[in-house]
Amino acid sequence: MFLALKEMRYSKWRYALVMGVIFLVSYMVFMMSGLATGLSSGHKKAIDDWNASSVVLTEDANKVFGASQLTRGDLDRVSTASSSDKSGVGLYQGSVTKGSTKENISLFGSDASAFTTPAVTQGTNYSGKYDITISQNLVDEGFAIGDTVRIGNLDHDLTITGIFKSTTYSVVPVIYTSLDTWTSIKYGTQPFNEDASKPLNAVVIRGTSGVTIDNSTATRQSATAERTGSTAKLQKLDMATFVNNVPGVSAEALTFNGMIGLLVVITAAIVGIFMYVITLQKTAIFGVMKAEGVRTGFIARSVVAQSFVVGVASVAIAYLLAWLSSLAFPAAMPFVADLGKWALYGVLLVVVTVVGGLFSVRTVARVDPITAMGEE
Amino acid sequence: MAAMINAKDANMPVLTLSKVTKTFGSGHTEVDALKGVDFSVSRGEFVSVIGPSGSGKSTFLTIAGGLQSPTSGVVSLDGADLGALSDAKRTRLRFEKIGFVLQRSNLVPYLKVGEQFALVDKVAKRGVRSSNIDELLTSLDIAALKDKYPRDLSGGERQRVAIGRALFNDPSLILADEPTASLDSDHAYAVVKLLAKLTREQGKATVMVTHDERMAQWSDRIYRMEDGSLSVK
Ligand SMILES: Nc1ncnc2c1ncn2[C@@H]1O[C@H](COP(=O)(O)OP(=O)(O)OP(=O)(O)O)[C@@H](O)[C@H]1O
Ligand SMILES: [Mg+2]
């Protein structure tokens with residue numbers, strides 16, 4: 001440490017330069033991670049809001065929420081510890097119109113009393129046949145309690161009765177309404193023989209105990225939507241799997257993780273090359289030190305300590321500045337400062353800088369003390 | 001009894017080389033850099049080795065300092081046979097028993113003068129002995145340089161600091177390889193005189209290699225190296 005710090009003090013600019021580069025790379029890693037989390041949250045936040053443990057879809061939907069077609073009758077085939085631990089949910093993706101204002105939205109149908117239905121922060125929850133609640137971010141687009149709006153195939157005005165906290169699905173604001181209203185919005189006035197044959201997209205489950213699925217009556221294997229009878233084969237997915245199959249989420253995660261991985265490797269390379277060049281410039285004095293009986297380990301440790309100090313300092317500054325930047329970003333920006341994840345990336349970046357420094361240890365070990373004697 | 005042991009210690013050579021040879025290369029590129037060198041130096045002795053370029057002076061000094069092994073012969077330092085030691089032990093022995101003063105300044109460019117000494121304490125894994133450092137700097141009349149970097153010192157000042165650092169760990173042996181090569185004659189004289197004085201005062205054994213015969217005038221003995229053979233002048 002002694003040699004490491006003294007040398008950094010002496011060659012300030014040289015070390016400031018490498019710290020600047022690592023700072024920028026780390027800052028970029030944190031930004032990317034923030035965007036990745038923000039964007040993925042934009043795709044699926046409404047689902048995270050459920051705080052559910054698993055989701056049941058039809059098997060032929062291949063884990064895709066929107067492609068899953070089951071019926072309210074299928075609810076009985078899913079058993080949970082308490083009947084309030086399951087909730088049938090429908091999804092409709094389209095737009096909401098108020099006069100000349102038109103906004104893309106994701107609309108969920110869910111029983112007013114079900115755990116999947118978000119609590120309102122203003123107004124009241126939906127209760128009447130043509131009631132809906134909207135997310136706060138839709139308010140920002142000019143919608144308010146008491147407004148009447150039109151959605152989808154339903155040939156009737158809907159009334160906004162309440163507002164719940166901001167959330168998104170498929171990167172657009174969210175509306176909730178009852179299952180019946182959702183059915184009419186999505187399917188219009190199609191006749192259904194009985195309630196049990198009315199459609200659902202998923203059964204959402206909270207808690208893990210006593211969850212079973214009855215597939216004994218399942219006959220339907222193909223995706224041909226046959227809305228009479230409970231015959232689709234059901235499949236239970238944990239939330240991670242379910243969310244990963246929300247369109248856009250995994251592809252984006254892959255892209256961002258790829259970029260972050262690349263940046264981490266670049267950091268290792270920068271530090272490795274830099275420390276190597278600096279070490280080469282110091283071989284003469286290392287030779288002298290070794291001649292004087294300074295152990296190779298002492299010198300090597302100082303090289304590694306330097307990359308550690310450089311790494312910790314620049315990553316910490318990047319962490320702090322990235323966090324401060326995130327506070328300054330506009331709310332509309334899809335950015336989430338996941339500080340725990342950043343800390344993890346930060347540790348990884350520091351580890352990688354130390355690994356970069358380790359490359360130079362071999363060079364230090366190879367310096368022959370005999371070079372200290374005689375003329376250069 | 002105690003006096004006897006001390007007297008015996010005083011006469012016991014610090015460094016001895018007996019029948020040391022060094023051959024580089026093999027076949028028709030073979031060079032005999034040292035051809036059977038016998039040498040010894042005791043405490044309080046200041047010895048110079050002079051000789052023309054390529055005669056083997058540096059080779060002699062590196063072997064004496066345990067930086068390379070002789071092809072044959074025995075080198076012993078304070079009674080320890082260097083050839084019998086492991087690399088790690090030899091490194092330790094160099095640190096504890098030998099002070100080097102090199103032609104090229106052996107100061108660490110990025111340490112201030114005071115820190116050059118602190119480094120020795122750090123390597124020895126002991127606390128930095130600030131009072132010792134100050135005392136030594138004052139005795140060498142370089143206390144004012146304590147907070148300067150080597151690049152801000154004159155050549156003479158740099159060698160004085162180097163001598164101070166060589167002595168700082170209280171070694172038995174000082175090996176100086178052309179310590180005055182980069183100095184003008186006035187400063188060179190001053191540096192050699194200082195080295196000679198400290199050698200006697202502190203009871204060190206000092207071997208100085210030089211090709212400037214004038215620098216040898218303060219020596220107790222002068223050896224001449226000629227084509228790999230060492231003889232007393
Ligand atoms: N590592 C080596 N490999 C091959 N030959 C060497 C090696 N080191 C020294 N020699 C040869 O050994 C001989 C003695 O070299 P040495 O460096 O000891 O001379 P010197 O007396 O110190 O010369 P100078 O006054 O120029 O410093 C020279 O012929 C030199 O070429
Ligand atoms: Mg030489």
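Quantities reported herein were computed from a predicted structural model and do not represent experimental measurements. A, B, ... follow the sequence lines: proteins, then strands. Residue 1 opens every chain.
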Peer 1: Can you give the donor-acceptor pairs under 3.5 Å from side chains of residues 63-71 of chain B to other protein atoms, not counting sequence neighbours?
Peer 2:
residue: B:Gln68; atom: NE2; partner: B:Thr62; partner atom: OG1; Å: 2.8
residue: B:Thr71; atom: OG1; partner: B:Thr23; partner atom: N; Å: 2.8

Peer 1: Heavy-atom cut-off 4.5 Å, strictly under: side chain, backbone, both or neither for B:Leu119 against chain A?
Peer 2: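 Answer is both: backbone and side chain atoms of B:Leu119 are under 4.5 Å from chain A.
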Peer 1: Stepwise, does the side-chain contact (heavy atoms from CB on, under 4.5 Å) test hold for B:Ile174 with B:Ile98?
Peer 2: CA-CA 6 Å; B:Ile174 291 177; B:Ile98 307 179; over 6 Å; no
Peer 1: Less than 4.5 Å to any heavy atom of chain A: does that hold for the side chain of B:Arg165, its backbone, both, or neither?
Peer 2: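 Side chain only.
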Peer 1: Tell me, for B:Leu93 versus chain A, whether the close heavy atoms (under 4.5 Å) come from the side chain, the backbone, both or neither.
Peer 2: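 Contact with chain A: none, neither part.
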Peer 1: Is the shortest distance from a Lys or Arg side-chain nitrogen in B:Glu115 or A:Lys6 to a carboxylate oxygen in the other one below 4.0 Å?
Peer 2: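 Yes, this pair counts.
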Peer 1: Under 4.0 Å between a side-chain nitrogen and a carboxylate oxygen: does that hold for B:Lys57 and B:Glu226?
Peer 2: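 Salt bridge absent between B:Lys57 and B:Glu226.
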Peer 1: With a 4.5 angstrom heavy-atom cut-off, could you sort out which part of B:Pro171 is near chain A: side chain, backbone, both or neither?
Peer 2: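 Looking at B:Pro171, nothing touches chain A.
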Peer 1: Please flag which part of A:Met289 lies under 4.5 Å from any non-hydrogen atom of chain B: side chain, backbone, both or neither.
Peer 2: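 Looking at A:Met289, just its side chain touches chain B.
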Peer 1: Apply side-chain contact (heavy atoms from CB on, under 4.5 Å) to residues B:Lys112 and A:Arg9 and explain how you reach the verdict.
Peer 2: CA-CA 11 Å; B:Lys112 292 175 184 170; A:Arg9 182 194 60 186; 3.9 Å; yes
